[in-house]
Amino acid sequence: MHLVGTPADQDVEIFGAGRSATQYYTVATAPDGRILVVGASEGTSPRTDLWTADLTRTGPERPDMRPLRHDAVGRTTVRLRPGGGALLLRTTDGAPRGRIAAAPYDASDPGGWHTLVPEQPGTVLQDFAVLDGPRLDRPLLAVVRTRHAVGELTLHDARTGARTGTVPLPGQGTITTLTARQEAGHELWFGYSDHVTPTTVLHFDAVTGHLRPWPGGAPGVAPVAGVTVTLEVVRSRDGAEVRMFVLSPAGRPDRPRPAVLTGYGGFGASMTPGFTPQALPWVRAGGVYAVACVRGGGEEGEEWHRAGRRENKLNTFDDFDAAADHLLHEGWAAPGRLGVLGSSNGGLLAGAALTRRPETYAAVVCAAPLLDMARYERSGMGASWRDEYGTAADPDQFARLLSYSPYHRVRDGVRYPAVLLAVFDGDTRVDPAHARKMCAALQWAGTGDAPVVLRTERGVGHAARASSRSARLYADVMAFFAHHLGLHLPEDPLP
């Protein structure tokens with residue numbers, strides 16, 4: 001607990017003593033400050049334990065933390081309503097695609113949780129907010145789901161969970177976190193973006209039913225012309241249906257073009273549509289840019305995540321191989337002119353594609369990649385990812401890690417494509433040593449004249465950075481692809 005206006009060294013620890021250093025915590029309080037909720041997850045494990053405390057009984061510096069949910073099998077987050085009442089929970093416990101439940105503050109037994117909005121087949125629950133202002137004839141829940149990674153916004157009766165309406169969105173895009181007034185109200189704000197539309201803030205009035213850009217939000221920018229987005233369905237090796245967004249000039253495979261394929265496939269993170277500035281000039285110059293929603297991500301719910309983690313990790317790579325084959329066989333991509341782009345866990349995906357089928361690709365870019373899977377636990381934040389990948393301390397898990405570890409799959413005498421490895425010297429999440437070692441291994445092993453390049457950027461870390469830094473990074477990345485995939489600017493390029 002921090003008392004505003006006092007030195008930080010006077011803060012009082014109220015939770016965490018004696019617990020694992022690889023745990024992550026979330027905190028929420030009711031609008032009136034009465035109830036405190038703490039969530040704890042072990043590393044990136046898809047499970048959440050919850051505690052609650054009534055601060056009016058003990059004061060905020062000595063909360064009596066009582067377990068709300070322990071030994072959970074799913075992720076759970078809490079929404080505290082204005083004016084008290086039951087806790088509202090967004091959880092995958094008993095519902096891999098997510099449900100909304102209501103529970104008393106002291107409901108330690110999940111049997112006391114009441115499902116308000118059940119799991120909906122074919123969609124994944126992302127967020128919800130409560131609208132219960134005096135101008136409404138009944139309180140509402142605004143609920144965000146994704147269907148094959150594309151956002152949907154629906155309205156439900158907050159007392160029964162029954163669906164009462166749908167809020168039409170500007171396109172096939174992504175909705176960011178919902179924000180309602182802390183006090184009771186009928187207004188909702190959220191960000192919206194898709195592959196060709198920069199993020200804008202939208203305002204929904206539940207009384208009038210109007211959705212419009214918020215005047216105080218980000219300045220409106222028109223969608224980029226000359227780029228069409230299609231959603232393809234790809235069959236993986238085991239028959240699983242994998243979705244892939246394809247950005248192209250014509251919206252159809254009119255002729256084979258230089259193509260870049262990217263993906264992520266880990267930690268239950270979804271490749272939802274979002275403004276992709278590096279892809280737009282590429283497509284407007286005549287290329288194709290594709291985003292594969294492979295297993296290990298969260299595009300189809302927690303089961304989709306689990307189907308691409310630990311002992312199932314090879315499914316992630318099979319899905320990506322199938323996406324690459326689809327681009328080639330359907331005529332989107334030109335043979336010998338297909339590239340792969342991945343960063344962080346996506347860098348592992350790109351590294352696996354490179355070492356599994358080097359002959360398929362003409363260029364590969366890995367940014368802040370995870371590549372040495374035998375030793376990933378020993379650097380950066382690797383120790384917190386054991387639930388996702390497994391541990392080398394277990395012989396069977398070690399064998400699996402070694403079977404796909406890109407660094408260990410580099411082979412002497414193989415003709416590898418052009419490779420750009422980008423690292424950031426302030427990266428404390430994924431150690432730059434992964435890329436440095438991979439660069440050395442490829443330079444030692446490879447034949448042919450395709451370059452293997454290490455791009456080191458100083459003064460930045462793994463994630464957040466200045467937009468000018470991102471622009472320079474992606475300018476280098478896309479120029480690398482253009483050179484090695486043979487993309488040429490038109491004689492009279494669009495401004």
Side-chain angles (χ1 to χ4, degrees), residues 260-266 278-279 282 289 316-317 320 324 338-376 378-382 385 389 401 404-463 465 469-485:
V260 173
L261 173 63
T262 189
Y264 189 78
Q278 71 272 17
W282 176 267
Y289 190 95
T316 304
F317 309 136
F320 199 74
L338 176 61
V340 173
L341 170 63
S343 62
S344 193
N345 175 79
L348 167 62
L349 180 62
L354 166 68
T355 52
R356 281 162 62 101
R357 302 197 305 172
E359 72 284 352
T360 304
Y361 308 105
V364 174
V365 175
C366 299
L370 196 62
L371 298 167
D372 180 353
M373 297 307 294
R375 298 178 184 85
Y376 82 90
R378 300 189 174 199
S379 63
M381 297 176 67
W385 305 331
Y389 299 121
L401 289 165
Y404 68 79
S405 176
Y407 175 69
H408 295 91
R409 288 180 60 89
V410 175
R411 297 290 179 261
D412 188 15
V414 173
R415 190 179 184 88
Y416 289 104
V419 179
L420 171 62
L421 297 149
V423 297
F424 318 117
D425 72 348
D427 192 341
T428 57
R429 190 176 307 179
V430 178
D431 196 313
H434 283 272
R436 292 171 181 149
K437 290 164 54 173
M438 188 73 170
C439 181
L442 290 169
Q443 289 178 346
W444 162 79
T447 62
D449 55 2
V452 177
V453 181
L454 182 70
R455 180 190 189 275
T456 299
E457 189 172 355
R458 307 200 181 281
V460 291
H462 188 83
R465 60 178 52 223
R469 291 271 199 163
S470 295
R472 287 195 291 270
L473 171 63
Y474 279 109
D476 286 352
V477 167
M478 302 314 290
F480 185 84
F481 279 132
H483 179 75
H484 293 287
L485 304 185

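- A pairwise comparison of heavy atoms in Pro358 and Thr355 identifies CD-O, 4.0 Å as the closest pair.
- Taking 4.5 Å as the limit, every side-chain heavy atom of Tyr404 sits out of range of all side-chain heavy atoms of Thr316.
- The nearest pair of heavy atoms linking Cys439 to Leu454 is SG-CB, 3.9 Å.
- The pair Glu457-Arg472 does not meet the salt-bridge criterion, since no charged nitrogen lies less than 4.0 angstrom from a carboxylate oxygen.
- Judged as a ring-ring contact (aromatic ring centres under 6.0 Å, His included), and not counting sequence neighbours, the contacts of Phe480 are His484.
- Contact check for Arg356 versus Arg409: side-chain heavy atoms found under the 4.5 Å cut-off.
- Between Gly339 and Leu485, the shortest heavy-atom distance links the atoms N-CD1, 3.7 Å.
- Between Pro417 and Tyr361 the shortest heavy-atom distance is CB-O, 3.1 Å.
- Here the side chains of Asn345 and Tyr389 are in contact, with some heavy-atom distance below 4.5 Å.
- Shown here for Ala445 and Tyr416, the closest heavy-atom pair between the two residues is CB-CE1, 4.5 Å.
- Here the shortest heavy-atom pairing between Pro406 and Leu348 reads CD-CD1, 3.6 Å.
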Apply side chain to side chain contact (heavy atoms under 4.5 Å, CB included) to residues Leu354 and Leu442 and explain how you reach the verdict. CA-CA 11 Å; Leu354 166 68; Leu442 290 169; 4.0 Å; yes
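- Contact check for Gln443 versus Val453: no side-chain heavy atoms found under the 4.5 Å cut-off.
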Quick one: side chains of residues 365-372, donor-acceptor pairs under 3.5 Å with protein atoms, not counting sequence neighbours, listed by atom name and distance.
from	atom 1	to	atom 2	distance (Å)
Asp372	OD1	Ala374	N	3.1
Asp372	OD1	Arg375	N	3.3
Asp372	OD2	Arg375	NH1	3.2
Asp372	OD2	Lys437	NZ	2.5

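- Not a single donor-acceptor pair under 3.5 Å links the side chain of Arg465 to the backbone N or O of His462.
- Relative ring orientation between Trp385 and Tyr376 is described as parallel, the plane-to-plane angle staying below 30° on a 0-90° scale split at 30° and 60°.
- Within the 4.5 Å cutoff, the side chain of Arg455 has heavy atoms near those of the Asp476 side chain.
- Taking a 6.0 Å sphere around CZ of Arg469, one finds it holds more than 12 heavy atoms contributed by other residues, nucleotides or ligands.
- No side-chain heavy atom of Leu401 sits under 4.5 Å from any side-chain heavy atom of His408.
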